[in-house]
Amino acid sequence: MFVAFEKENESERFFERFHDRFKPPQVQKRKVEVPYALPFYVVRAKEHRGKYPWEAAEDAAGILCSRALLPFWAKPEEETKIVPFSPTVFFRRLLFNSAVKTIEKMMLDPRKVCITLIDSGAYLVDLFEELVFFGSQLCVVTDSFAPYESLAEKLLKKYGVSLLVCAKLPKDAQNSTFIISDSILPVPIDFSGVLFTNEKKRLENAVVIVGEGFTLPEKYTSLLPEDADELSFAGALYELCGANELGRLGYDKMCACG
């Protein structure tokens, strides 16, 4: 679960601001149900003495302060316990799903394709099987061996495909046709294939492809808190509320970094 913050947009008159000196901030908290997932909460407050009452909002949010979805205008006071939530796993899954679709559209001969995935934490292990149809040489670099070793056994029995599981990039990684990596940092400098990544940076010899745009499914748009970013909201629903179907989505389009 997480908490989102909203602000009353009513304009205050002078006498209302005057009365603010003698009354506490007006803060409301409501529970928002999410289809087939955990709920989240919204704290809505009216400006008090000319500013958003973060201290009162923090009290209303309770322990969910460490999982806060902030609106674009938010500037919490330093002394509050409010910690903005930033999705990580969700972005990796968007990238992977989009990369698979892009590779599929290229219609390359799988026998000549080598695909390397960098997946710290094994957050993509449930999706990896989709790559079997697009490459004969498959490699995953991870710090979580058990899930991928189990998958390697499954792929060998089911498809006769070998999956190389490594703790770090093998020496011949630069020969991969495709590398899928959330960060550009682990990618060899001399890599000359196609890199799918979430970092908009360039490599001298590689084609770097990043995702752009995201469309929130209609069933969730009505739940979107005011002034909240759709992508961050979807990430919070996936990572903190268990809205697992969102982890099967991708970016609206994939573009080369130029």
Side-chain angles (χ1 to χ4, degrees), residues 37 85-106 108 110 113-159 161-170 173 176-188 191 193-201 206-215 217 231-232 234-254:
F85 173 73
S86 181
T88 53
V89 176
F90 182 63
F91 293 149
R92 295 184 191 183
R93 294 181 72 91
L94 290 182
L95 175 67
F96 182 90
N97 294 333
S98 299
V100 170
K101 289 184 179 180
T102 302
I103 294 172
E104 181 180 14
K105 291 177 181 178
M106 293 181 181
L108 301 177
V113 174
C114 173
I115 306 175
T116 297
L117 171 67
I118 300 176
D119 183 23
S120 176
Y123 293 114
L124 306 173
V125 67
D126 62 308
L127 301 175
F128 189 90
E129 188 173 341
E130 297 178 30
L131 292 176
V132 169
F133 307 102
F134 309 112
S136 59
Q137 300 178 58
L138 302 176
C139 173
V140 61
V141 180
T142 183
D143 55 3
S144 299
F145 290 95
Y148 273 107
E149 288 177 342
S150 177
L151 176 64
E153 293 181 7
K154 173 185 174 181
L155 297 183
L156 187 60
K157 292 180 180 179
K158 189 174 181 179
Y159 303 102
V161 173
S162 295
L163 170 61
L164 178 62
V165 183
C166 306
K168 58 182 181 179
L169 278 171
S176 298
T177 315
F178 303 104
I179 292 181
I180 305 173
S181 176
D182 178 59
S183 170
I184 203 170
L185 186 62
V187 181
F191 176 60
V194 177
L195 169 65
F196 296 98
T197 182
N198 278 321
E199 292 186 345
K200 293 185 177 181
K201 297 180 180 179
V207 176
V208 180
I209 298 181
V210 296
E212 290 187 0
F214 173 77
T215 301
L231 190 56
S232 297
L237 288 177
Y238 174 75
E239 295 188 26
L240 303 179
C241 293
N244 294 328
E245 67 174 322
L246 292 172
R248 293 281 177 177
L249 300 179
Y251 293 108
D252 288 341
K253 61 180 180 180
M254 298 295 279

To the nearest 0.5 Å, atom CD1 of Ile184 lies from atom CD of Glu199 at 6.5 Å

- [ ] Go through the steps to decide whether Thr142 and Val165 satisfy the test side chain to side chain contact (heavy atoms under 4.5 Å, CB included), and finish with yes or no.
- [x] CA-CA 7 Å; Thr142 183; Val165 183; 4.0 Å; yes

- Does CZ belonging to Phe85 count more than 12 external heavy atoms closer than 6.0 Å? yes

**Prompt:** Is a donor on one side and an acceptor on the other found under 3.5 Å between the side chain of Ser176 and the backbone of Cys114?
**Reply:** no

CZ (Phe91) and CG (Leu231) are apart, to the nearest 0.5 Å, by 4.0 Å

Taking every heavy atom of Lys201 against every heavy atom of Val208, the minimum-distance pair comes out as O-CG1, 3.3 Å

So CG of Leu94 and CZ of Phe214: to nearest 0.5 Å the spacing works out to 6.0 Å

Rounding to 0.5 Å, atoms CZ (Phe145) and OG (Ser150) come to a distance of 14.5 Å

Here the salt bridge (charged side-chain N to carboxylate O under 4.0 Å, His left out) pairs for residues 236-245, sequence neighbours left out, are Lys219-Glu245

Hey, are the side chains of Phe191 and Thr116 touching, using non-hydrogen atoms and a 4.5 Å cut-off?
no

By side-chain contact (heavy atoms from CB on, under 4.5 Å), Lys253 pairs with (sequence neighbours left out) Glu212, Cys255

Residues 118-146 vs salt bridge (charged side-chain N to carboxylate O under 4.0 Å, His left out), sequence neighbours excluded, gives Arg93-Asp126, Asp126-Arg248, Glu129-Lys154, Glu129-Lys158, Glu130-Arg248

Heavy-atom closest pair (Ser232 atom, Pro87 atom, distance to 0.1 Å) is O-CG, 3.9 Å

Smallest heavy-atom separation, Pro147 atom then Val125 atom, equals O-CG2, 3.8 Å

Please test Phe96 against Phe196 for ring pair (Phe, Tyr, Trp, His ring centres under 6.0 Å), starting from the C-alpha separation and ending with a verdict. CA-CA 8 Å; Phe96 182 90; Phe196 296 98; 9.8 Å; no

Any heavy-atom pair between the side chains of Ile209 and Ser98 that's under 4.5 Å?
no

**Message:** What I'd like to find out is whether the side chain of Leu108 reaches to under 4.5 Å of the side chain of Ile103, using heavy atoms alone.
**Reply:** no

task = Quick one: do Tyr123 and Asp182 satisfy side chain to side chain contact (heavy atoms under 4.5 Å, CB included)? Show the steps, please.
result = CA-CA 12 Å; Tyr123 293 114; Asp182 178 59; over 6 Å; no

Rounding to 0.5 Å, atoms CG (Leu151) and CG (Leu124) come to a distance of 11.5 Å

In this structure, CG of Leu156 is separated from OH of Tyr159 (nearest 0.5 Å) by 12.5 Å

Got Leu163 and Phe128 here, is their nearest side-chain heavy-atom distance under 4.5 Å? yes

Between Ile118 and Pro186 the two heavy atoms that sit nearest each other are CD1-CB, 3.7 Å

Shortest non-hydrogen pair, Thr197 vs Ser183, comes out as OG1-C, 3.8 Å

Closest non-hydrogen contact found for Val113 with Thr177 is CA-OG1, 3.5 Å

Only one of Thr215, Asn198, Asn97 passes side-chain hydrogen bond (donor to acceptor under 3.5 Å, both in side chains) with Tyr251, and that residue is Asn198

